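Accompanying notes for the structure given below.
FYI, side chains are in, hydrogens and waters are out, and symmetry mates aren't considered; it's all heavy atoms of this structure. A quick note: this is a predicted structure, and the numbers were derived from the prediction, not measured. Note on naming: letters A, B, ... go to the chains in the order of the sequence lines (proteins, then strands), and numbering restarts at 1 for each one.
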2 protein chains.
Amino acid sequence: MKHAMNQKPDYEKELRKAGVRITRPRRIILDILTSTEDHPDAMKIFHRATQIDDSISLSTVYRTMNLLEELGAIHRHAFNGGPSRFEQAHGEHHDHLIDVDTGAVIEFKSDKIEKLQEEIARSLGYDIVHHRLELYCRKSEPST
Amino acid sequence: MKHAMNQKPDYEKELRKAGVRITRPRRIILDILTSTEDHPDAMKIFHRATQIDDSISLSTVYRTMNLLEELGAIHRHAFNGGPSRFEQAHGEHHDHLIDVDTGAVIEFKSDKIEKLQEEIARSLGYDIVHHRLELYCRKSEPST
DNA sequence: ACATCAGTTGCAAAGATTCTCAACTGGATG
DNA sequence: CATCCAGTTGAGAATCTTTGCAACTGATGT
């Protein structure tokens, strides 16, 4: 299984191209996003950000997440009722299995499913821009 | 990949099957959903509900919407930043293809994909409680 | 019909997200 | 590098949504 290089996408360039200003708060938030492996929620990002610059406001975190989502730079996950959690969109696409009891998130990828999705979309006259597949699960009871 | 017509689904039966109680608040909310053409938000549903029984609480509206969403009985739309708005689904579970340009929602279902999902979950040691599959798409350009 | 009890409810309070607006700043221009 | 101004920010209010808990009630069995 190949693993996407965790290379930092050049968000600043992307954002400039989209006519968005590179401000100090945005730079900090982007750094946090590119250097994390998990799926932090807005509050977590906010806390990490304030350790670098404690003048950053929570509103700005939310505004930036919305901005990045619109630009397709990150993905938002609304796992069962809890607060939205975010993940950078660059690397290789993967889907999620969410443990409904613990909230744990497992990433997986199935080429077969991706293929089927393509087929379905095509048969309906569409091309897939992106997709979201989330399996809400519970640990299997071992038959012992 | 045909699908059900816009008939009133027998929600009560569906809910019972899912082991959910049919309470007075739920019945009222279901009536509102089945008899409306628009996409009301929670507050709107709450107002309509209180005209029938003014003891119903907003929490119950939200709880019921979450319940119905999990059961696949309704769809939730989050139009840019505003509150979530809801719309009844038609009958059994299905997945969604969303036209990113128009916001149109097409329902589909693929047994093959469902099967694959089960396999994946099982191989990771889980049982699926429910799932969500959304394809964000754009109309294919035949030529031009 | 009655008792029982786990699922539900209403309320209040907490939590999550967006909005308002005056002050500030990135980056374009000269 | 000084100026300018539309885009951006921080703070807090407003809005939207979930949650904790005691009281209540629908479904089941008798």
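Residue contacts for B:Arg16: at a heavy-atom cut-off of 4.0 Å it reaches the sugar-phosphate backbone alone, with no base atom in range. Nucleic acid contact class of A:Arg26 (heavy atoms, under 4.0 Å, all strands): sugar-phosphate only.
Contact annotation: side chain of A:Arg63 to base of D:dG7, donor-acceptor pair absent below 3.5 Å. A donor-acceptor contact under 3.5 Å links the side chain of B:Arg21 to the base of C:dG7.
When the side-chain nitrogen and oxygen atoms of B:Thr60 are compared with OP1 and OP2 of C:dG10, one or more of them lie within a distance under 4.0 Å. Listed pair B:Ser84 / D:dC16 fails the phosphate criterion, with no side-chain N or O lying under 4.0 Å from OP1 or OP2. Using a 4.0 Å cut-off, some side-chain N or O of B:Asn66 falls inside it from OP1 or OP2 of D:dT18. Within the structure, every side-chain polar atom (N or O) of B:Ser59 is placed at least 4.0 Å from both OP1 and OP2 of C:dC11.
One interatomic measurement links the two molecules: CD of A:Glu70 to P of C:dT18, which rounds to 11 Å at whole-angstrom precision. Residue B:Arg27 contributes atom CZ, which lies 14 Å from atom C1' of C:dT8 at whole-angstrom precision. Rounded to an integer number of Å, the gap from CZ of A:Phe46 to P of D:dT9 is 14 Å. If you measure from atom OH of B:Tyr62 to atom C1' of C:dT9, you get 17 Å, rounded to the nearest angstrom. Distance CG (A:Leu67) to P (C:dT17): 17 Å, rounded to an integer number of Å. If you take CG of A:Leu15 and P of C:dG27, they are 11 Å apart, rounded to a whole angstrom. Taking atom CD on B:Glu12 and atom P on C:dT8, their separation rounds to 14 Å, with Å as the unit.
Between the side chains of B:His77 and B:His39, not a single donor N or O lies within less than 3.5 Å of an accepting N or O.
Looking at A:Asp99 and A:Arg138, no side-chain N of the basic residue comes within less than 4.0 Å of a carboxylate O on the acidic one, giving no salt bridge.
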